Every structure is written in structure tokens, then in C-alpha cells.
Amino acid sequence: TVTSSAFPAGGRLPARFTCDGQGVAPPLAWSGIPRAARSVAIVVADPDAPGGTYTHWVVGGLAPTVTSLDGSPGGGTALSGGAAQAVNSAGRAGYDPPCPPSGTHHYRFTVSALDVASPFGDGAPTATALAAIEGHTIARGTLVALYSRD
């Protein structure tokens, strides 16, 4: 189960977490990680992007005992030791705030429990990191937020 103290499931993503605000990563919390998990990964993606799914953030290697992340600038300052950030669709590691060009977009905050401790290293290419997460996921939960600029 994935939740945020900043928005309800299916609710509007507050502007402070987008390009229209401070562009910080929102706080996230999760529960129900299986005992067999060796790490946790987070992927934030927009399937409504004009060019296909846009990946805003990829984090891997969080300890399975970690159950939340506070929102932070760049998405990286609050990560625990051993955690890594892959390159996002903007071409850099870290949180890239949502900035939809038009219409309402669905932002999926997915938390995955993995059977490996460290699925990828800092700066891994997006496709490599996503494939590593997909190949080692033993459980997952998703929280969806909506955002539009019109």
C-alpha cells in the first residue's frame, strides 16, 4: 500500500511538487513489504506524456525496513545509504517534477519490493534500471495523482 500525506489516491498533486511550484518530491509512505524483500524501489511515471511514458524518478536499493520518504529538493537528499537514483526521462538522476504540456496527466508513484539488495547503481540508464526493477519485483503498490496546468 502506497500513500502520501500530501494528496489522496486519485487526487490532485499539489503544485509545490511540480514545475509550477518548488519542484520537490512529495512525501511517500508504504506498508506491506514482504519479509523476503531485500530492497525497495520507487518509480514515478506519467503514462499520458505525448511521446509515451515519461519517467520522472527512479530510486532503487532502499533498505526493506524503510517505510517512507520525506519530500526533498531534487528527490535525493533524504535517501538512505545504499540507495541509488537512475537517470530519468529528462536525462539526469533525481526527481524531475511533473510539468504536463496540456490536459490532465496521471502520475503513478509505484513502490516495488525486490529480491535483490541493489538492482542498479547511481546514474544507471532509465531502461536498465526499469528492467532490473521489473525482473526482481516480488510485490508492488501504486498511488496515482492527477495534475494539469490548464
Side-chain angles (χ1 to χ4, degrees), residues 1-33 37 39-64 66-80 82-114 118-137 139-150:
T1 303
V2 184
T3 61
S4 177
S5 59
F7 59 91
R12 182 172 169 81
L13 183 65
R16 83 175 281 231
F17 306 112
T18 74
C19 69
D20 295 318
Q22 298 169 330
V24 296
L28 297 173
W30 52 91
S31 61
I33 298 296
S39 71
V40 171
I42 299 169
V43 175
V44 180
D46 172 10
D48 303 316
T53 299
Y54 187 99
T55 303
H56 288 270
W57 199 22
V58 183
V59 177
L62 291 165
V66 172
T67 58
S68 66
L69 285 180
D70 291 332
S72 62
T77 59
L79 297 179
S80 63
Q85 295 182 91
V87 171
N88 56 37
S89 292
R92 60 181 178 78
Y95 179 74
D96 184 40
C99 199
S102 64
T104 300
H105 288 229
H106 298 76
Y107 295 92
R108 296 173 192 222
F109 295 80
T110 301
V111 175
S112 299
L114 308 179
S118 188
F120 56 84
D122 263 333
T126 309
T128 300
L130 294 177
I133 291 168
E134 187 62 33
H136 291 284
T137 295
R140 78 169 43 112
T142 300
L143 173 66
V144 176
L146 306 175
Y147 190 70
S148 62
R149 302 180 75 207
D150 359 332

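Remember, it's a predicted structure, so these values are computed and weren't measured experimentally.
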Ring pair (Phe, Tyr, Trp, His ring centres under 6.0 Å) partners of Tyr147, counting only residues at least two apart | none
Over all heavy atoms of both residues, which pair between Gly141 and Val2 is shortest? Give the atoms and the distance, please.
-> O-CG2, 3.3 Å
Contacts of type salt bridge (Lys or Arg N to Asp or Glu O under 4.0 Å), residue Asp122, not counting sequence neighbours | none
How about Cys99 and Thr18: do any of their side-chain heavy atoms sit closer than 4.5 Å?
-> no
If you measure from OG on Ser39 to CD1 on Ile33, what distance do you get to the nearest 0.5 Å?
-> 9.5 Å
Output, in order, the C-alpha distance, side-chain angles, deciding distance and verdict of side-chain contact (heavy atoms from CB on, under 4.5 Å) for Ser102 and Arg149.
-> CA-CA 7 Å; Ser102 64; Arg149 302 180 75 207; over 6 Å; no
Hey, mind stepping through Leu146 and Phe7 against side-chain contact (heavy atoms from CB on, under 4.5 Å) and telling me if it holds?
-> CA-CA 10 Å; Leu146 306 175; Phe7 59 91; over 6 Å; no
Please name all residues satisfying side chain to side chain donor-acceptor pair (under 3.5 Å) with Thr142, sequence neighbours left out, ordered by chain then number.
-> Thr110
Got Tyr95 and Pro26 here, is their nearest side-chain heavy-atom distance under 4.5 Å?
-> yes
Trace of the side-chain contact (heavy atoms from CB on, under 4.5 Å) decision for Asp96 with His56 | CA-CA 5 Å; Asp96 184 40; His56 288 270; 4.1 Å; yes
Residue pairs passing the side-chain hydrogen bond (donor to acceptor under 3.5 Å, both in side chains) test where at least one lies in residues 1-15, sequence neighbours excluded = none
Might you point out which heavy atoms bring Ala6 and Pro14 nearest each other, and give the distance in Å?
-> O-CG, 3.2 Å
Just list the side-chain donor-acceptor pairs under 3.5 Å for residues 127-137, sequence neighbours left out, or say none.
residue: Glu134; atom: OE1; partner: Arg140; partner atom: NH2; Å: 3.0
residue: His136; atom: ND1; partner: Asp115; partner atom: OD1; Å: 2.7
residue: Thr137; atom: OG1; partner: Ile133; partner atom: O; Å: 2.6

Heavy atoms, side chains only, cut-off 4.5 Å: are Phe109 and Leu28 in contact?
-> yes
Decide side-chain contact (heavy atoms from CB on, under 4.5 Å) for Val43 and Trp57; before the verdict, give the C-alpha distance in whole Å, the side-chain angles of both, and the deciding distance to 0.1 Å.
-> CA-CA 6 Å; Val43 175; Trp57 199 22; over 6 Å; no
Quick one: does Val66's side chain get under 4.5 Å of Val40's, heavy atoms only?
-> no
So, do Gln85 and Val58 sit near enough that their side-chain heavy atoms are less than 4.5 Å apart?
-> no
The salt bridge (Lys or Arg N to Asp or Glu O under 4.0 Å) partners of Arg16 (sequence neighbours excluded) come to none
Side chain proximity check, Phe17 to Val24, heavy atoms < 4.5 angstrom = yes
Not counting sequence neighbours, which residues clear ring pair (Phe, Tyr, Trp, His ring centres under 6.0 Å) with Phe120? List them please.
-> none
Does a side-chain heavy-atom distance below 4.5 Å link Trp30 with Leu143?
-> no
Note: Pro50 and Pro101 closest approach over all heavy atoms is CG-CG, 3.8 Å
Shortest non-hydrogen contact between Gly94 and Asn88, atoms and distance = O-ND2, 2.8 Å
Got Pro125 and Val87 here, is their nearest side-chain heavy-atom distance under 4.5 Å?
-> no
Partners of Asp48 by side-chain contact (heavy atoms from CB on, under 4.5 Å), sequence neighbours excluded?
-> Asp46, His105, His106
For residues 99-108, which residue pairs qualify under salt bridge (charged side-chain N to carboxylate O under 4.0 Å, His left out), counting only residues two or more places apart or in two chains?
-> none
Over all atoms of both residues, closest heavy-atom pair of Gly103 and Ser148 = O-CB, 3.2 Å
Taking all heavy atoms of Pro47 and all of Thr53, pick out the closest pair and write down the distance.
-> CA-OG1, 3.7 Å
Thr55 backbone acceptor or donor facing Ser89 side chain under 3.5 Å = yes
